A.B. asks: 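Encoded as structure tokens, here's the structure I'll be asking about.
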Amino acid sequence: MIKNNIHFHLRLLAMLTLVTFLGPVTAAEPAIDTTDLIGSLQEQLAAGESLQILPAPDWPRLRQIYHDYGNRLLWHDPSGRIASAGGALQRFIHDSARLGLEPRNYHAQHLDDPQFPQIQQVVRNDLLLTDGFLRLSRHLAQGQLDPGGIDPLWKIPVEQLDSTQLLDQAVINLDPLSTLESLSPRSRSYSRLLQALAEYRRIADRGGWPPLPDSPLLRPGAQHELIPLLRQRLIASGDHGDGVPDDPDLYDPPLQQSVERFQQSHGLKRDGIVGPNTRAALNVSVEQRIAQIESNLERWRWLPQRLGERYILVNIGGYLLQLMEQDEVLLEKRTIIGKPKRKTPSFTTRVTHLVANPTWTVPRRIAVEDLLPEQRRDSEYLLRKNIRILQREGEQWVAQDPAMIDWGEYNKYNFPFQLRQSPGDGNSLGRIKFHMPNPYAIYLHDTPARGLFEQPVRDFSSGCVRVQDIGELVDQLLTGSGLETSLSFYDQLKSRESGYIKLAEPIDVFLVYFTAWVDSSGEIQFRPDIYNLDRPLILSLQQQYPPEENKLAHQQPENIPLTD
């Protein structure tokens, strides 16, 4: 009841504002009788669902809004001239492509439609501007799509907002732009990705880049007729300067540096050799890259608008962890993530404890699918891995002798054991684990297999996230906890016994699947869609509006190889 009263008073104030201050942008059109406008408004609201407008406006909501505003136009003055706020909103809608949005979703193609008489056109514009504002506010703050229906791995709740209240704010302040601009993610990473989108659209406007035909491996120092085309391709994407080489057919050192830079920014082995995998990445069209950027902008809008002053961001698709502070990267480390058959989901949690020398209780799926077959092949496998076998007897788990168990009798449907790996250098969690409560049994942790961090593609885990040089991240998290706490943790680590400390200041963690981002040096980074989550997202974004005018072929290649 209180909320309804607040809305009533806000709209009453807005109505007074509309009558008093809503000045026109231009007086080019003759004034229209207010009574005629009100009549047309009521007619169009009543006939709404029968009007041929796609996407269909939310007519029930529009009827309620205009009723609450006393059947007055919101973006035009009482004589039908568009107001400054209405003109600004209309320009914002037409320019919404710069945000990775589709202007047609906000009725850009229907505004100022000359086929309608003036009175109908004015009212129609006002209604469509209002519906466009409501859609824009939701899309900027929450994303265009429901992530739960697109990405089965997305577990982060989307923040809810009251777009009607935002409309009241925009109308009262005569400033829809400030209201809309305040809704975008408050992250420099998002802003940088918008800049990359603008740059790739400029590349598309210039004609994109030429594809490279199949050829033998192109190695530094080689002479080949395709070298000029390779150079042209890298110049088009801004990965190579446009100077004239002494020998156009020579794979010279400047071109090698450009190829290696391209490989680094696309998650490929940085060897300067143009083989099938590097060629496949070079041949992804600029339109496909634009669609990839737009899909990752959508993921940013699914996240909370403000992630906090200090947090950990795990970029799942980029095999990367960043410790963020004041929107700056304080620390960056490589990660190993879940393999495609055991994907790491996108979710948010909080690190509450640091565990030294952790014990690993093997998840049942790993126990029956991975370790049981190994134990069948090698009766000493679990013993060598320092894994204890426990079986419940009454209320307790009791240790069992692996030599006394006929492992051939057990399978994934019949496995009464719990496997628990003791602390030590060979423990799968390494020496350090970050405890972060979540229903997926996923943690950040160390690993004994540190050589895997040198691989360009690092999807080797069963879902948890292994962190390179995790001790440096520990140092950062213990900063401010006091010397006594830090010494206590490192003494525990040296003891080789399992133990934990509680963080004085728990830190939020966001695990998010990104395949395009801009790094701290300003370089756009692309990664293959290893979990196959971009394709359905891109398709769903396209299908929001009838595709007859869609000029972009945003289909990802069936296979973009991962490394050369």
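Small disclaimer: the values here were computed from a predicted structure and weren't measured.
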A.B. asks: The test is salt bridge (charged side-chain N to carboxylate O under 4.0 Å, His left out); show your working for Arg496 and Asp425 and say whether it passes.
C.D. replies: CA-CA 9 Å; Arg496 300 280 172 165; Asp425 291 336; 2.6 Å; yes

A.B. asks: With distance as the sole test, does Glu472 use its side chain to make a donor-acceptor pair with the main-chain N or O of Asp469 at under 3.5 Å?
C.D. replies: no

A.B. asks: State whether a side-chain donor-acceptor pair under 3.5 Å links Asp519 with Gln525.
C.D. replies: yes

A.B. asks: Within the 4.5 Å heavy-atom criterion, are Tyr531 and Ile337 side-chain neighbours or not?
C.D. replies: yes

A.B. asks: State which residue, out of Arg301, Arg289, Arg299, Arg201, fulfils the salt bridge (charged side-chain N to carboxylate O under 4.0 Å, His left out) condition with Glu294.
C.D. replies: Arg201

A.B. asks: Would the distance check show the side chain of Lys341 and the main-chain N or O of Gly338 forming a donor-acceptor pair, the cut-off being under 3.5 Å?
C.D. replies: no

A.B. asks: Does the Arg342 side chain pair with the main chain of Gly463, one donor and one acceptor, at a distance under 3.5 Å?
C.D. replies: no

A.B. asks: Check the angle between the aromatic planes of Trp300 and Phe514 and answer parallel, tilted or perpendicular using the 30° and 60° thresholds.
C.D. replies: parallel

A.B. asks: Can we say Glu505 and Arg310 salt-bridge, meaning some charged N sits less than 4.0 Å from an Asp/Glu carboxylate O?
C.D. replies: no

A.B. asks: If we only count heavy atoms from C-beta on, is the Asp58 to Pro60 side-chain gap below 4.5 Å?
C.D. replies: yes

A.B. asks: Please confirm whether the backbone N or O of Pro340 pairs with a side-chain atom of Lys343, one donor and one acceptor, at under 3.5 Å?
C.D. replies: yes

A.B. asks: Below 6.0 angstrom between ring centroids: does that apply to Phe347 and Tyr513?
C.D. replies: no

A.B. asks: What is the minimum heavy-atom distance between Ala356 and Leu493, and which atoms define it?
C.D. replies: CB-CD1, 3.8 Å

A.B. asks: So, applying side chain to side chain donor-acceptor pair (under 3.5 Å) with Thr515, which one of Asp529, Asn315, Asp534 is it?
C.D. replies: Asp534

A.B. asks: State whether the side chain of Ser540 and the backbone N or O of Leu537 hold a donor-acceptor pair below 3.5 Å, judged by distance alone.
C.D. replies: no

A.B. asks: Under 6.0 Å from the OH atom of Tyr500, do we count more than 12 heavy atoms belonging to anything else shown?
C.D. replies: no

A.B. asks: Could you check whether any side-chain N or O of Trp154 sits under 3.5 Å from a backbone N or O of Ile156, counting only pairs where one atom can act as donor and the other as acceptor?
C.D. replies: yes

A.B. asks: Counting N and O atoms only, with roles assigned by atom type, does the side chain of Gln263 sit under 3.5 Å from a partner on the main chain of Gly272, one being a donor and the other an acceptor?
C.D. replies: yes

A.B. asks: Report yes if the side chains of Tyr443 and Val465 come closer than 4.5 Å at any heavy-atom pair, otherwise no.
C.D. replies: no

A.B. asks: Is a donor from one side chain sitting under 3.5 angstrom from an acceptor on the other, for Arg377 and Gln375?
C.D. replies: no

A.B. asks: Rounded to the nearest 0.5 Å, what's the gap from CD on Gln421 to CD1 on Ile387? Could you check?
C.D. replies: 4.5 Å

A.B. asks: Using atom types as modelled and distance alone, determine if a side-chain donor or acceptor of Thr335 lies under 3.5 Å from a backbone N or O of Tyr319.
C.D. replies: yes

A.B. asks: According to the side-chain hydrogen bond (donor to acceptor under 3.5 Å, both in side chains) rule, which pairs have a member within residues 350-367, sequence neighbours left out?
C.D. replies: Arg350-Asp508, Asn357-Arg431, Arg365-Glu369

A.B. asks: Is there side-chain contact between Tyr311 and Val509, with at least one heavy-atom pair below 4.5 Å?
C.D. replies: no

A.B. asks: Donor-acceptor check, side chain of Arg186 to backbone of Arg306, threshold 3.5 angstrom: yes or no?
C.D. replies: no

A.B. asks: One thing to verify: whether Lys385 and Glu374 come together as a salt bridge, which I'm taking to mean a side-chain N less than 4.0 angstrom from a carboxylate O.
C.D. replies: no

A.B. asks: Thr164 and Arg61: side-chain donor and acceptor closer than 3.5 Å?
C.D. replies: yes

A.B. asks: If we check side chain to side chain donor-acceptor pair (under 3.5 Å) with Gln544, which of these qualifies: Arg104, Gln144, Glu102?
C.D. replies: Gln144

A.B. asks: May I ask you to decide if the ring planes of Phe415 and Phe417 are parallel, tilted or perpendicular, using 30° and 60° as cut-offs?
C.D. replies: perpendicular

A.B. asks: Test salt bridge (charged side-chain N to carboxylate O under 4.0 Å, His left out) on Asp406 and Arg376 and set out the steps.
C.D. replies: CA-CA 9 Å; Asp406 182 359; Arg376 285 172 176 163; over 6 Å; no

A.B. asks: Tell me yes or no: between the side chains of Gln326 and Glu309, is some donor less than 3.5 Å from an acceptor?
C.D. replies: yes

A.B. asks: For Ser285 and Gln288, indicate whether the former's side chain and the latter's backbone hold a donor-acceptor pair under 3.5 Å.
C.D. replies: yes

A.B. asks: For Arg188 and Arg192, what are the C-alpha separation, side-chain angles and deciding distance, and is it a side chain to side chain contact (heavy atoms under 4.5 Å, CB included)?
C.D. replies: CA-CA 6 Å; Arg188 189 172 286 110; Arg192 286 171 174 163; 3.4 Å; yes

